[in-house]
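Just below is one structure, and these are the notes that go with it.
Note that the structure is a prediction, hence the values are computed from the model and not measured. Both ligands and their constituent atoms are indexed starting at 1 by order of listing. What's counted below: heavy atoms across the whole structure, side chains too, no hydrogens, waters or symmetry copies.
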Amino acid sequence: MKFGTKTIHAGFAEDKTAGAIMPPIYQTSTCIQKSPGNHKGYEYSRTGNPTRTVLEKNVASLENGKHGFCFGSGLAAIDAIIKLLSPGDEVISTNDLYGGSYRIFTKIFEKYGIIFHFVDMQNSNCVEKLINKNTKMIWAETPTNPMLNIVDVEELSKISKKNRLLLVVDNTFATPYLQTPIDLGADIVMHSLTKYMAGHSDLIMGVVICNDNTIAEKIAFIQNSCGAVPGPMDCFLALRGIKTLHIRMERHSENGEVIARYLKNHHKVGQVYWPGFKNHKNHHIAKKQMNAFGGMVSFTLKSNKLNDAINFVSNTHYFKLAESLGGVESLCGHPASMTHLAIPKAEREKTGVVDSLIRLSVGIEDVEDLINDLETAFSI
Ligand SMILES: *Cc1c(COP(=O)(O)O)cnc(C)c1O
């Protein structure tokens with residue numbers, strides 16, 4: 001099955017009761033047993049629910065993985081993966097990690113004795129230097145938020161295999177339409193399904209995907225023991241959203257390119273960060289591991305004034321000012337005053353998050369309307 005066919009068909013064969021074309025929403029907490037242990041594969045919906053199973057199989061198939069496990073949010077998925085570790089274990093991650101991942105690592109799991117290092121992952125030497133006998137996991141993200149840096153997953157997987165570590169890739173920004181980390185050597189892939197995967201800004205969900213049966217058993221055990229599972233209605237909505245993933249990602253990428261090129265030529269714009277540009281510092285890696293470059297574009301204003309950026313994001317009409325990304329509608333954000341507010345100015349500026357940095361999640365509207373919208377906001 002090719003990708004576009006998988007988005008629509010993978011995970012669901014047939015509905016035996018009515019022949020429904022869509023997987024039924026099994027809104028039930030428990031399933032009847034004929035005699036103790038004699039059931040149809042489902043006992044209690046924390047452990048397993050038929051609607052959730054369809055979604056888990058669907059997403060695993062898109063990522064070319066064998067096993068999928070859905071969680072109540074992307075962060076609940078991250079929580080489950082870190083619970084594979086024990087006190088004293090060390091994780092090497094990136095210094096421009098998604099803020100919520102940084103928070104759960106440092107504010108929750110450090111308390112339980114797990115040690116996290118944050119390095120420049122674009123340079124694999126920085127990763128290798130930190131590896132010691134306690135290192136158990138490399139946690140990567142590519143493209144990163146909001147600077148859209150690209151990390152070489154194949155390179156990391158070589159380091160990880162050599163040192164018997166687990167390589168985890170947060171594939172939220174790219175989706176399996178743009179890259180499949182398992183094919184590049186990752187052991188575990190996770191997503192915030194909230195974003196591009198479900199794609200309609202109408203739910204919060206996460207997923208963990210892997211190939212290895214032992215890891216899968218452990219994640220299933222954690223999923224059931226800790227219980228951060230999504231309900232069947234949300235699983236249905238996610239499945240419905242995923243059916244158009246390939247079409248949406250194609251249009252996100254097309255619109256993203258048009259907007260990135262428009263910004264590059266605008267006299268009020270300083271830098272534009274988009275991995276499709278030949279002079280993006282990791283363009284060669286992006287070209288090697290991605291099928292297209294997606295709809296995330298960040299840029300700075302030439303003036304680099306905080307107020308100019310705040311004015312800009314307050315004056316767009318179609319680009320709604322909101323947290324999140326990856327929905328059909330365009331969004332804009334101002335990291336310095338929103339997602340990165342808690343990070344001291346000197347710290348955030350080291351990674352490029354200057355006062356005027358603006359992040360766009362380019363939607364799938366008609367791109368002419370989006371350009372007009374930006375043009376108006378620049379002129380106010
Ligand atoms: C949003 C996001 C998460 C967290 O997912 P939630 O569904 O919001 O819990 C993790 N990683 C990345 C890259 C994200 O964008």
Before signing off on this row, confirm whether G74 and ligand 1 have an N or O atom pair separated by under 3.5 Å.
-> yes
Protein heavy atom at shortest distance from atom 4 (C) of ligand 1 | Y98 CE2, 3.5 Å
Ring centres of F116 and F109 under 6.0 Å apart?
-> no
Any L374 side-chain heavy atom under 4.5 Å of F319 side chain | yes
Looking at S73, which atoms of ligand 1 are within less than 4.0 Å of one of its heavy atoms?
-> 7 (O), 9 (O)
Shortest heavy-atom approach to atom 12 (C) of ligand 1 - which of D170, L75, T144, T194 | D170
Trace of the side-chain contact (heavy atoms from CB on, under 4.5 Å) decision for E365 with S330 | CA-CA 8 Å; E365 299 94 336; S330 293; 2.8 Å; yes
Determine whether M197 and H191 make a side-chain contact, defined as any pair of heavy atoms from C-beta on separated by less than 4.5 Å.
-> yes
Do S192 and ligand 1 have an N or O pair less than 3.5 Å apart?
-> yes
Note, F312 side chain near H334 side chain (heavy atom, < 4.5 Å) | no
What's the shortest distance from atom 2 (C) of ligand 1 to any protein heavy atom, and which residue and atom give it?
-> K195 NZ, 2.5 Å
Full working for side-chain contact (heavy atoms from CB on, under 4.5 Å) between H67 and N213 | CA-CA 8 Å; H67 310 279; N213 295 342; 2.9 Å; yes
Which of the atoms in ligand 1, numbered in the order shown and given with their element, are less than 4.0 Å from a heavy-atom of F173?
-> 15 (O)
